[in-house]
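Written out below as structure tokens is the structure these notes cover.
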2 protein chains.
Amino acid sequence: MVTLKDISREIGLSVTQVSRALGGHADVNPDTRDRVRATADRLGYRPNAIARGLKTGRSGIIAMVVAGTRTPESNAHLFEIVMGLSAEISARGQTFVLHVAEPGADTMRLHAELYRSGSIDGFVLIGPASDDPRIARLKKLGAPFIVHGRDPAQSHAFVDIDNMAVGQVMADHLLRLGHRRIGVLNGVESEFFAVQRRRGVLAAHAAHGVAADPALMLSMPMIAPNGRRATLALLDAPQPPTAIIAGNTPLALGVYQAAAARGIRVPHDLSVLAHDDGLDMCPPDSFTPALGGTIAPLTTAWVALADHLADIIAAKDGPSHSRILDLTFRKGCSARAISVDTRGHAVP
Amino acid sequence: MVTLKDISREIGLSVTQVSRALGGHADVNPDTRDRVRATADRLGYRPNAIARGLKTGRSGIIAMVVAGTRTPESNAHLFEIVMGLSAEISARGQTFVLHVAEPGADTMRLHAELYRSGSIDGFVLIGPASDDPRIARLKKLGAPFIVHGRDPAQSHAFVDIDNMAVGQVMADHLLRLGHRRIGVLNGVESEFFAVQRRRGVLAAHAAHGVAADPALMLSMPMIAPNGRRATLALLDAPQPPTAIIAGNTPLALGVYQAAAARGIRVPHDLSVLAHDDGLDMCPPDSFTPALGGTIAPLTTAWVALADHLADIIAAKDGPSHSRILDLTFRKGCSARAISVDTRGHAVP
DNA sequence: CTGAAAGCGCTTACAG
DNA sequence: CTGAAAGCGCTTACAG
């Protein structure tokens with residue numbers, strides 16, 4: 001390995017001066033600087049990250065701990081998160097550590113041990129639970145961290161989208177089109193984002209002076225078969241909805257499948273909107289008719305996570321280290337205006 | 001952060017002795033040892049990985065560099081490899097770094113820079129090409145590394161399966177059952193494993209004194225639609241095969257689909273075998289009839305990779321740092337014995 | 001503009 | 001069985 005000492009010896013300057021020249025400090029003769037840099041390049045010098053880390057107290061390492069599972073189940077979302085985050089962190093010259101814990105391991109403890117070993121500058125947490133113990137632990141440790149998503153029960157830095165707006169925007173769009181019975185296929189409501197979306201839907205109803213029917217609001221893991229099953233149940237009920245809001249595009253796929261199975265046309269007989277995070281396997285424009293709804297590409301989250309975490313590590317203070325990502329709405333061709341009678345039933 | 005100095009001060013021993021006590025060296029008074037350890041636990045001491053790394057020249061970090069893609073395509077295989085490897089490396093107290101390169105980045109150079117920065121003990125390479133430049137570069141650097149798979153053009157440590165045996169075993173099984181026209185849906189033959197499998201199939205034919213028909217041996221990316229398309233082509237040809245060997249289970253799924261589309265029964269009219277790596281989305285027993293073929297669970301590869309790489313880093317010498325993983329055969333219910341006439345056509 | 005010195009936290013010969 | 005000292009490679013006050 002080439003060290004500062006090697007360069008120092010090679011051109012007869014002190015290690016101090018070589019370090020400063022390479023560091024780009026102002027108080028170095030420009031000629032010296034260029035000479036040092038040229039020599040460093042020629043020798044293939046790279047600063048020793050470990051030595052630098054020991055001196056500066058920063059390793060440049062960001063870690064993410066994920067719980068391991070014994071059964072290899074392909075979690076496409078987790079994969080994209082890992083790849084996206086790694087790419088973003090690698091691109092800024094930092095190092096991304098993925099620590100897959102053994103099944104049943106105590107991830108709180110793991111975070112603490114990793115941090116105490118002094119080699120981790122900060123953590124990224126994903127999928128926070130309510131009252132997530134990992135968050136409490138990291139706060140107690142004083143470790144820099146940022147959460148993708150939010151734990152409403154604790155105050156912490158996060159990057160998230162406005163999930164209440166997700167529900168509100170889609171419901172509002174449908175209510176404006178005249179729909180009065182709107183089905184909602186929501187995520188599992190033990191998760192905060194799903195709770196917020198439901199609140200958004202209810203708020204939109206309230207704003208329009210429309211009573212929301214709780215029987216139309218269902219909660220489930222967001223995969224296509226569940227969307228299909230739930231939609232069939234809604235359609236077969238005595239008072240079916242005229243529109244459905246799906247929590248993600250796979251759920252919407254299930255909605256389309258169920259409609260097809262019942263000979264119900266989208267959007268003529270049933271309007272459909274869905275939230276799209278840009279990562280799910282079914283992109284909205286692969287739907288026929290093209291699926292409308294809210295859009296918040298998860299890929300923008302990596303940049304925000306890396307940025308804010310860097311600020312937190314550098315202990316920069318600002319108004320907040322959290323960030324709510326933008327939300328856009330895409331009309332698509334999957335929702336249409338209808339007329340309804342006083343009971344909310346469609347009038348041809 | 002709690003350091004040796006803190007413990008030293010706390011119990012009035014030298015830092016030297018504290019270090020030795022915690023390191024479990026023999027020449028420390030057992031009482032002292034216990035006292036030091038108790039204090040370390042009480043204070044929540046964790047050795048500083050960076051300081052230790054600087055001293056020992058080992059960081060405990062294993063890195064994997066993967067090429068980034070701009071389009072987030074879910075690569076379930078890569079995901080399992082990353083998760084499996086990370087879990088295995090994390091479990092042994094080492095650190096797994098995933099470096100996702102920017103699209104178009106020079107991964108050779110990246111490996112070199114990471115290694116020269118002194119913070120990486122070794123690398124895991126996956127998906128080696130023929131004459132892979134990354135391998136040449138790492139060899140030139142003298143960096144410890146191990147390859148999952150093989151580059152036959154260079155000598156290096158690797159963990160792989162015997163792909164020639166994969167082809168040989170399945171072809172031999174079918175030949176013994178009386179098949180004389182065996183279709184092969186192989187992977188892309190620019191990859192070494194696919195070349196080896198073809199060789200194995202040919203070797204089995206030679207051993208049985210049967211001429212292999214090159215027209216029956218097809219090469220393609222191993223996904224179900226390709227398997228379906230290739231099988232339809234084989235079945236619709238003037239002299240269709242009586243058996244098909246598929247490179248993986250998705251290809252076999254395509255074979256089953258094509259057979260169903262043509263009203264051809266498995267195994268009555270068509271025998272099918274496939275190689276199963278235990279990770280593909282279609283497990284053999286989810287097939288009807290249950291799919292037979294060779295099995296080599298990829299999950300055993302992580303342990304081997306981590307083991308051998310650790311040996312290489314420790315510069316232990318042994319007969320070889322490479323490993324060929326076990327292969328088993330599972331009969332399933334997808335292949336049956338047939339009688340054939342002299343031209344290789346099935347006789348009822 | 002340049003250099004000698006200290007120190008980050010650890011490990012490990014070396015001397016007692 | 002124990003301790004003082006050196007050193008891993010770097011950065012950074014401090015003094016010239």
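Sequence lines set the chain letters: A, B, ... in the order given, protein chains first and strands last, and positions in each chain run from 1. Note that these values count all heavy atoms, side chains included, but never hydrogens, waters or copies made by symmetry.
Contact annotation for A:Ile50: no contact, since no heavy-atom pair falls under 4.0 Å across all strands. Within 4.0 Å of A:Asp27, counting heavy atoms only, lies at least one base atom of the nucleic acid. Within 4.0 Å of B:Thr3, counting heavy atoms only, lie sugar-phosphate atoms of the nucleic acid but no base atom. If you check every strand for non-hydrogen atoms under 4.0 Å, B:Ser19 touches a base.
Using a 4.5 Å heavy-atom threshold, the side chains of A:Ile89 and A:Trp302 count as separate.
Between B:Ala51 and B:Arg33, the one whose closest nucleotide on DNA chain D sits nearer the 5' end is B:Arg33.
Around the CZ atom of A:Arg109, the shell of radius 6.0 Å holds no more than 12 heavy atoms that belong to other residues, nucleotides or ligands. Heavy-atom contacts from other residues, nucleotides or ligands closer than 6.0 Å to NZ of A:Lys139 number more than 12.
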For DNA chain C, the expected dot-bracket line (Watson-Crick or G-U under 3.5 Å, [ ] crossing, | inter-strand) is |||.||||||||.|||

Does B:Phe123 form a ring pair (Phe, Tyr, Trp, His ring centres under 6.0 Å) with B:Phe145? I'd like the steps, not just the answer. CA-CA 4 Å; B:Phe123 295 92; B:Phe145 71 99; 8.3 Å; no

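Taking every nucleotide of DNA chain D with any atom under 4.0 Å from a non-hydrogen atom of chain B, the first and last of them, 5' to 3', are D:dC1 to D:dG9.
Checked for salt-bridge contact, B:Arg9 and B:Asp6 meet the test: a charged N lies under 4.0 Å from a carboxylate O.
The closest donor-acceptor contact from the side chain of B:Glu113 to the backbone of A:Arg46 lies at 3.5 Å or more, if one exists at all.
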